[in-house]
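For reference, the structure discussed in these notes is given below.
Below, chain A is the first sequence line, B the second, and so on; all start at residue 1. Everything quoted here is computed from the prediction, not taken from an experiment.
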Protein chains: 2
Amino acid sequence: MNIGEASTRSGLPAKTIRYYEDTGLIAPPARAENGYRDYSETDVHKLSFVRHSRGLGFSVDECSQLLSLYEDKDRQSSDVKAIAQKHLTEIDEKIRELQELRSTLHHLVNNCHGDGRPDCPILEGLAGGA
Amino acid sequence: MNIGEASTRSGLPAKTIRYYEDTGLIAPPARAENGYRDYSETDVHKLSFVRHSRGLGFSVDECSQLLSLYEDKDRQSSDVKAIAQKHLTEIDEKIRELQELRSTLHHLVNNCHGDGRPDCPILEGLAGGA
DNA sequence: TATAGGCTTCCAGTTGCTGGAAGGGCAAGG
DNA sequence: CCTTGCCCTTCCAGCAACTGGAAGCCTATA
């Protein structure tokens, strides 16, 4: 099938599919006689796999590792779990950081009357070290 | 003072200070006779202001708006509050998204025994639509 | 005077795409 | 047979927000 159908079926934009091919994340597909890329069902499965992985926040590099494991029938599930566990830890860390930001910002916003006058605790906070 | 001291005092890397100048976020400082940038106390305050704003996750563009308001003694605090409020909403949205990711990923990780065998619910989830 | 550091500019690379230009392929309609 | 329109190809540029490095000048100190 052409890249357009592979795009629809995998849920990845055609541009992105080509980009993944350029950067080596996915192997170049077969080519039809007219030079068009020709994707198989298996290719589409892999593209979907990558889309889901990216959707869960894995980096392209991590997706590459996960895809290798996905294709390796002799893999050890512990290798997969290690990657996922590490990512989970990073997500937790990111959530923690955002919640801290949120808390600080929330205090500042709450203390600002937000009217026509110029005095503003938000600006004071940003100037003073918040 | 030279850029090195301005860097130490503001907490921003010298590289970043020059970058902010290049992109117009901060005004070019005075220059000494030898061509070195020459920062005032006020400059350092503004750099700190930007650092704190970036630290709270405001985009460079938002920082630019906040800095203008900071410098405008006739500002309306409602303008500041609007920017901060919008950013707060975005942070909340991001936290929500991350928590959703986290939940999905957590389930997958929890169901994977993570040993030497190849069968792996994480890979199955990624292949099947998680 | 030699050396070590700080300063200058400019160019390139990072991550993960996305948009656009220029051109060829292909099926349907007039 | 030719046009229209959509799909495909490649390549180049740009987004955010820096960061690293090269080449070269300035300055302070031993």
Side-chain angles (χ1 to χ4, degrees), chain A residues 1-26 28-40 43-44 46-67 87 90-91 94 97-98 101, chain B residues 1-26 28-40 43-44 46-47 49-67 86-87 90-91 94 97-98 101:
Chain A
M1 80 193 76
N2 285 349
I3 200 170
E5 196 182 336
S7 167
T8 310
R9 304 255 298 260
S10 68
L12 285 173
K15 275 261 173 192
T16 303
I17 296 176
R18 291 196 199 96
Y19 169 74
Y20 285 163
E21 182 187 330
D22 281 350
T23 55
L25 172 57
I26 53 158
R31 292 279 178 153
E33 292 204 349
N34 57 12
Y36 287 13
R37 287 172 180 80
D38 185 17
Y39 293 92
S40 68
D43 290 332
V44 170
K46 291 180 189 172
L47 289 170
S48 297
F49 180 91
V50 170
R51 180 170 72 85
H52 296 314
S53 305
R54 291 285 303 131
L56 281 181
F58 288 103
S59 71
V60 169
D61 191 77
E62 285 165 336
C63 288
S64 181
Q65 299 173 44
L66 289 169
L67 196 53
H87 183 46
E90 288 165 359
I91 289 177
K94 214 168 274 177
E97 284 171 11
L98 280 177
L101 288 198
Chain B
M1 78 192 78
N2 285 349
I3 199 170
E5 197 182 335
S7 168
T8 310
R9 304 255 300 259
S10 69
L12 286 173
K15 275 263 173 190
T16 302
I17 296 176
R18 290 195 200 98
Y19 169 74
Y20 285 162
E21 183 186 331
D22 281 350
T23 55
L25 172 57
I26 53 157
R31 292 278 179 153
E33 293 204 349
N34 57 10
Y36 287 13
R37 287 172 180 79
D38 185 17
Y39 294 91
S40 68
D43 291 332
V44 170
K46 291 180 189 171
L47 289 169
F49 180 92
V50 170
R51 181 170 72 86
H52 295 315
S53 304
R54 292 285 302 128
L56 280 180
F58 288 102
S59 71
V60 168
D61 190 76
E62 285 165 337
C63 288
S64 180
Q65 298 173 44
L66 289 170
L67 195 54
K86 178 171 160 289
H87 183 47
E90 288 165 0
I91 288 176
K94 212 168 277 176
E97 285 171 13
L98 280 177
L101 289 198

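- Using a 4.0 Å heavy-atom cutoff across all strands shown, B:Thr23 reaches no nucleic acid atom at all.
- Atom CG of A:Asp38 and atom C1' of D:dC7 are 15 Å apart (whole Å).
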Which atom pairs link the protein and nucleotides 27-29 of chain D when you take only N or O atoms and keep those under 3.5 Å?
unit_1	atom_1	unit_2	atom_2	d
D:dT27	OP1	B:Asn34	ND2	3.3

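- B:Ser10 and B:Ile17 make their closest contact through OG-CD1, 4.1 Å (heavy atoms, listed as atom of the first residue, atom of the second, distance).
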Take B:Glu90 and B:Lys94 through the salt bridge (charged side-chain N to carboxylate O under 4.0 Å, His left out) test and state the conclusion after the steps.
-> CA-CA 6 Å; B:Glu90 288 165 0; B:Lys94 212 168 277 176; over 6 Å; no

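- The heavy-atom pair separating B:Val60 from B:Tyr20 by the smallest distance is CG2-CE2, 4.3 Å.
- In this structure, A:Arg37 reaches the sugar-phosphate backbone alone: every heavy-atom distance under 4.0 Å involves primed, P, OP1 or OP2 atoms, never a base.
- What separates CD of B:Glu21 from P of C:dC7 is a distance of 14 Å, to the nearest Å.
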Interface polar pairs with nucleotides 17-20 of chain C, N/O, under 3.5 angstrom:
unit_1	atom_1	unit_2	atom_2	d
C:dC17	OP2	A:Tyr20	OH	2.6
C:dC17	OP2	A:Arg54	NE	2.5
C:dC17	OP2	A:Arg54	NH2	3.2
C:dT18	OP2	A:Thr16	OG1	2.9
C:dG19	N7	A:Lys15	NZ	3.0
C:dG19	O6	A:Lys15	NZ	2.9
C:dG20	O6	A:Lys15	NZ	2.2

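- Counting to the nearest Å, the P atom of D:dC18 and the CG atom of B:Asp22 are 13 Å from each other.
- In this structure, B:Ile3 places its CD1 atom 10 Å from C1' of C:dT8, rounding to the nearest Å.
- For the pair A:Asn2 CG and C:dC26 P, the interatomic distance rounds to 10 Å; values are reported in whole Å.
- Closest approach of B:Pro28 to B:Glu21, counting heavy atoms only: CB-OE2, 3.7 Å.
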Can you list the steps and then say if A:Asn2 with A:Arg37 is a side chain to side chain contact (heavy atoms under 4.5 Å, CB included)?
-> CA-CA 6 Å; A:Asn2 285 349; A:Arg37 287 172 180 80; over 6 Å; no

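- For the pair A:Met1 CE and D:dC8 C1', the computed distance is 16 Å after rounding to whole Å.
- Between the CZ atom of B:Arg18 and the P atom of D:dA22 there is a distance of 16 Å, rounded to whole Å.
- B:Glu5 places its CD atom 10 Å from the P atom of C:dC7, with the value rounded to the nearest Å.
- The phosphate of D:dA17 has neither OP1 nor OP2 within less than 4.0 Å of any side-chain N or O from B:Arg51.
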